[in-house]
Amino acid sequence: WGKRYLEKQRRRIQEEKEAQAAREEFLKEQARRRKQRDFSSFDGQHDSRQNGHGSTPGHDRGGDAMQAHLKMIGLEKIPESLAALKRAYHREALKFHPDKVSPEERSWAEKRFIQLTESYEWLQQKFH
C-alpha cells in the first residue's frame, strides 16, 4: 500500500508541475501576442525605430528637443547629475509601468512607458 501511495503522489506532483509549466508558457505566449498586437497598432508617431528620431513630440524642432525629453521625464531643467536624471526616470517609470496600472490603462501605459524610456536613453546620451 505504501509504495502505490508514494508512486501516486509522485505522479500527481509531476502532473501539477507540468500543468503549471504549461500555464506559464500559455501566459507568456498571451503576453507576447498582446504586446505584439499593441505595438503593431501603435501609430509609430513617436517610435524611434520607425522614424529615426527620438520618441517625444518636438524632437524634430532642434532646440525644443531637450525640453521635450525633460518634460517627458517630469523635469523642468537639466539635472545636475546623471544620478538625478536616473531618479526622475525611475519615479516616472513606476507611474507608467504596464504591470503597475489597471488592465484598462495597460495599452496606453505601455506606449507611454516606451516613450519615457526612449526619452531617458536620449538624455543619457547627451550626458556622455
Side-chain angles (χ1 to χ4, degrees):
W1 185 81
K3 286 183 180 180
R4 279 189 280 166
Y5 176 76
L6 290 176
E7 187 59 36
K8 189 176 180 180
Q9 288 297 94
R10 280 190 208 113
R11 272 187 272 145
R12 185 183 59 78
I13 290 170
Q14 184 62 30
E15 288 172 359
E16 286 177 2
K17 285 180 181 178
E18 291 171 359
Q20 180 65 27
R23 275 192 299 272
E24 288 175 3
E25 187 63 34
F26 174 75
L27 291 174
K28 284 180 186 177
E29 181 64 21
Q30 268 190 326
R32 186 188 65 76
R33 286 183 181 172
R34 190 171 28 250
K35 186 175 183 180
Q36 190 175 35
R37 183 183 65 236
D38 288 346
F39 196 78
S40 66
S41 68
F42 185 57
D43 63 2
Q45 176 182 346
H46 304 300
D47 188 2
S48 66
R49 289 171 283 204
Q50 291 184 14
N51 64 16
H53 296 7
S55 63
T56 58
H59 181 70
D60 302 51
R61 293 192 297 251
D64 293 338
M66 180 71 76
Q67 286 302 317
H69 286 286
L70 289 170
K71 186 176 178 183
M72 176 69 70
I73 292 183
L75 296 171
E76 306 241 341
K77 59 182 183 174
I78 298 172
E80 295 153 11
S81 67
L82 193 55
L85 175 65
K86 188 175 183 178
R87 279 192 305 274
Y89 165 72
H90 282 280
R91 184 177 55 243
E92 290 294 307
L94 284 175
K95 290 180 192 174
F96 298 106
H97 194 282
D99 294 340
K100 302 278 186 185
V101 297
S102 65
E104 301 84 38
E105 297 175 328
R106 190 159 290 142
S107 177
W108 174 83
E110 284 178 356
K111 293 172 189 173
R112 180 74 162 92
F113 189 75
I114 289 169
Q115 292 172 351
L116 180 66
T117 302
E118 288 178 350
S119 287
Y120 173 65
E121 290 170 354
W122 188 88
L123 288 165
Q124 257 187 330
Q125 289 175 355
K126 295 298 177 186
F127 267 91
H128 289 279

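These values consider heavy atoms only, across backbone and side chains, with no hydrogens, waters or symmetry-generated copies. As the structure is a computational prediction, the values presented were derived from the model and not from experiment.
- Rounding to the nearest 0.5 angstrom, the gap separating the CD atom in Gln14 from the CZ atom in Arg12 is 12.0 Å.
- With sequence neighbours excluded, no residue forms a ring pair (Phe, Tyr, Trp, His ring centres under 6.0 Å) with His90.
- Once rounded to the nearest 0.5 Å, the distance linking CZ of Arg106 with NZ of Lys100 reads 11.5 Å.
- At most 12 heavy atoms of other shown residues, nucleotides or ligands fall within 6.0 angstrom of atom CD in Glu76.
- Nearest approach of Glu92 to Met72, heavy atoms of both residues: OE1-O, 4.4 Å.
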**OP:** Show your working on salt bridge (Lys or Arg N to Asp or Glu O under 4.0 Å) between Glu7 and Arg4 and close with a plain yes or no.
**Re:** CA-CA 5 Å; Glu7 187 59 36; Arg4 279 189 280 166; over 6 Å; no

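- Taken to the nearest 0.5 Å, the CZ atom of Arg10 stands 14.0 Å off from the CD atom of Glu15.
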**OP:** Walk me through it: do His97 and Val101 pass the test side-chain contact (heavy atoms from CB on, under 4.5 Å)?
**Re:** CA-CA 7 Å; His97 194 282; Val101 297; over 6 Å; no

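- Side-chain atoms of Leu70 and Ser119, non-hydrogen and from C-beta on, never get closer than 4.5 Å to each other.
- Interatomic distance, CD of Gln124 versus OG1 of Thr117, reported as 10.5 Å (0.5 Å rounding).
- Residues satisfying the side-chain hydrogen bond (donor to acceptor under 3.5 Å, both in side chains) test with Glu80, not counting sequence neighbours, are none.
- Between Gln20 and the options Glu24, Glu18, Glu16, a side chain to side chain donor-acceptor pair (under 3.5 Å) holds for only Glu24.
- Tyr89 approaches Ile73 most closely through the heavy-atom pair N-CG2, 3.7 Å.
- Under a 3.5 Å cut-off, the side chain of Arg112 and the backbone N or O of Phe96 do not form any donor-acceptor pair.
- Put simply, the side chain of Leu123 does not reach to within 4.5 Å of the side chain of Leu75, judged on heavy atoms.
- For Glu110 against Pro98, the heavy-atom pair with the smallest separation is CG-CG, 3.3 Å.
- Contact annotation: the side chain of Met66 approaches that of Trp122 to within less than 4.5 Å [non-hydrogen atoms, C-beta and beyond].
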